[in-house]
Protein chains: 2
Amino acid sequence: MSISTASNALNGTGRTNAETREKVRRIAEEIGFRPNALARGLLTKRSHAIGMLTNDTYGRLTLPMASGVSEVLVDHGVSLFLCATNNDPRLARLHLEALRDRQVDGIIFTATRIDMEPPPELTQLGIPVVYVFAQGPSDSVSFHPDDAQGARLAVEHLQGLGRSRILHITGERNYRAACIRAEAYQELAGPAAEVMFGDWSEEWGHAAIETVFSRSGAKPDAIFCGSDEIARGVIDALRDRNISIPGDVAVVGFDNWEVVSRQTRPPLTTIDMELKELGHRAGLAILALSKGETIEPGVERLPCTLVFRRSAGQGDQA
Amino acid sequence: MSISTASNALNGTGRTNAETREKVRRIAEEIGFRPNALARGLLTKRSHAIGMLTNDTYGRLTLPMASGVSEVLVDHGVSLFLCATNNDPRLARLHLEALRDRQVDGIIFTATRIDMEPPPELTQLGIPVVYVFAQGPSDSVSFHPDDAQGARLAVEHLQGLGRSRILHITGERNYRAACIRAEAYQELAGPAAEVMFGDWSEEWGHAAIETVFSRSGAKPDAIFCGSDEIARGVIDALRDRNISIPGDVAVVGFDNWEVVSRQTRPPLTTIDMELKELGHRAGLAILALSKGETIEPGVERLPCTLVFRRSAGQGDQA
DNA sequence: GTGAAAGCGCTAACAA
DNA sequence: TTGTTAGCGCTTTCAC
């Protein structure tokens, strides 16, 4: 039997007798034959590998996304190169060159904030690119969490609980996501509703509560926080003041970062950005692009979900 | 000029006239020539890629290590395949097959606890393997944090502060690391020193303090915690009881997970496992093995470091 | 339906 | 020192 017949049989290409095909497959199985991906890639111009460029050393956002991407790819026989740039342009260039040398079928660019710009060389490689949690050029394919919808989810939930004096304590004003959420919040809570920008820390949550509750005027009956860490600071500060949660003040966070949101007292109701799903979608998109299919460019915003715990609303243990 | 002369010139192999070599290099640069890694790998049997198998979806341990590995590899022109198994044996098999098909030069197996066993197929591939934060076979090359040394660092630090009634609150007894640390602690603190096993949660830290401070008997003047999360629970519980930290009770954690350790009040003095360095060492090791060099097998335990904050000893802001 | 032959882009012998 | 040749392991015409 010739080598090309075997190839045809295994790949189902060309015309092959059903009988021979079975035989070839059986024997291949028996001897544990596995085609050499390098050789195949060399010939077909498709390496069945894609690269993921990330600037996140810390992993909180990246790894859930990466594992989402990986999950989708592995079932299509596609592998994932992890390229950690640590925000170093030299490393980014090095990785990009390596990806080109390896003939990857596509690149996923990930950042840790949605307004972070990718390296300019990226688009000049002639390799399809998908942007996740990052700002691509206007004609590119990007996936973001739907920050506005997430914020609405939080505010509507609080309003549904009968709260009317909702305060928004969030992170830095120069983060796009913080602004988007703040705007969505104000649309629902009214323009008079107050937004307190600060930084993304627990400490800021704490400090903000000190400010609000030591000044005169009406106090909020609900607080929507820009991150779980901020929410943690808020909750701790409220507890210090013997303000009951959610009785006096309901609290909703943002991130569903379980190490924080499960551990607050009471556990935190919060918004989940569905990072893994973001990864799935990005994986599917890059797979399609690598096959030459076209995808409508633009930013697709994937819905966030509300995770009920006890700091606001029908908690799962309440 | 022939194609093989060019190859020789670029790779510095064979004998080449310095003049031609320069010329070739210049032109290669000019036209942006980059060798096809697939073709090269096919011929040389070295793909210059290595795979990293991890069961960690969450990323807290994996990503710092992975970025350490990646940092080392990228400078040697070696790329890293990320294989997230999510603890699913089917996925592990799938990834392992893919790595074989791609002729990776080596595999790094990573787990989230040092006594987690790797899939048995792993060693039968004929590909060098390095184990990090995981239990490899006895004749394998493994890198672990030095849990015993880390624990000693913590206890000695507390003793150096004049504390004599040190308590150890840690995680689950069936984690190897928990036992190693507990033993090292007892060697220094004396066999009468108490170890409280529980789970790895903040809640457990809280509960342990309730127990200790509501029973009769001498109270500890220092607490060494098995994780930063536990330490956070401990600190919160102590604060609830108006016990001053570090005045009445000094606290040391384990992990230096900054999102936790920076945010406790006061900030947490803790043990850092140097995960990135672990990644560096693993990267170097797999690189050496993939070149056919031999490395003395066994578990190499890399030293932990003590990070001073304010919950015990000379804090950086104290 | 099957097999011989060509060739993907490169490196490594060897001959010139 | 340079060029010629063979071949890595596979897919893909195209005769048979």
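All figures in this text were calculated on a predicted structure; none of them were measured in a lab. The sequence lines fix the lettering, A, B, ..., with proteins before strands; numbering per chain opens at 1.
Minimum heavy-atom separation, A/L53 to A/L96: CD2-CD1, 3.6 Å. Between B/A285 and B/V130 the shortest heavy-atom distance is CB-CG2, 4.0 Å. In terms of heavy atoms, A/A178 sits closest to A/E172 at CB-O, 3.4 Å. B/T112 approaches B/N55 most closely through the heavy-atom pair N-OD1, 3.5 Å.
Contact of A/S4 with C/dA4 (side chain to base): a donor-acceptor pair of N or O atoms is detected under 3.5 Å. The base of C/dG1 lies outside donor-acceptor range of the side chain of A/T16, with no N or O pair under 3.5 Å.
The salt bridge (Lys or Arg N to Asp or Glu O under 4.0 Å) search around A/R34 returns B/E97, B/D101, not counting sequence neighbours. Residues forming a salt bridge (Lys or Arg N to Asp or Glu O under 4.0 Å) with B/D88 (at least two apart in sequence, or on another chain): none.
Counting 5' to 3', DNA chain D first comes under 4.0 angstrom of a heavy atom of chain B and last does so at the ends given by D/dT1 to D/dG9.
Looking at heavy-atom distances under 4.0 Å, A/R34 makes contact with sugar-phosphate atoms alone, never a base.
Residue B/L43 contributes atom CG, which lies 6 Å from atom C1' of C/dC10 at whole-angstrom precision. At whole-Å resolution of the value, CZ in B/R46 and C1' in C/dC10 are 16 Å apart. In this entry the distance linking CZ of B/F33 with C1' of C/dG9 reads 8 Å, nearest Å. If you measure from atom CG of A/N36 to atom P of C/dG9, you get 16 Å, rounded to the nearest angstrom. Atom CG in B/L42 sits about 17 Å away from atom P in C/dG7, given to the nearest Å. Counting to the nearest Å, the C1' atom of C/dG3 and the CG atom of A/N17 are 15 Å from each other. Distance B/R40 CZ to C/dT11 P: 5 Å, rounded to the nearest Å.
For B/R113 and B/Y175, the positive end sits near the middle of the six-membered ring, less than 6.0 Å away and at most 45° from its axis.
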Check your understanding: Step by step, would you call B/F81 with A/F81 a ring pair (Phe, Tyr, Trp, His ring centres under 6.0 Å)?
Key -> CA-CA 4 Å; B/F81 282 115; A/F81 282 114; 4.0 Å; yes
Practice item. Please report the C-alpha distance between A/E274 and A/T305 in whole Å, then the side-chain angles of each, then the deciding distance to 0.1 Å, and finally whether the side chain to side chain donor-acceptor pair (under 3.5 Å) criterion is met. Key: CA-CA 7 Å; A/E274 301 287 341; A/T305 56; 2.7 Å; yes
Pick out the pairs of N or O atoms, protein on one side and nucleotides 14-16 of chain C on the other, that lie under 3.5 Å.
none

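Between A/K45 and C/dG9 there is a side-chain N or O to OP1 or OP2 distance below 4.0 Å.
Between the axis at the start and the axis at the end of the helix from C/dG1-D/dC16 to C/dC14-D/dG3 there is an angle of 40°, using five pairs per end and rounding to 10 degrees.
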Please tabulate, for side-chain N and O atoms in residues 116-127 of chain A, each donor-acceptor pair with protein atoms closer than 3.5 Å (sequence neighbours left out).
from	atom 1	to	atom 2	distance (Å)
A/T123	OG1	A/P120	O	3.3

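Summarising the local packing, CD of B/E19 is surrounded by 12 or fewer heavy atoms from other residues, nucleotides or ligands at distances under 6.0 Å.
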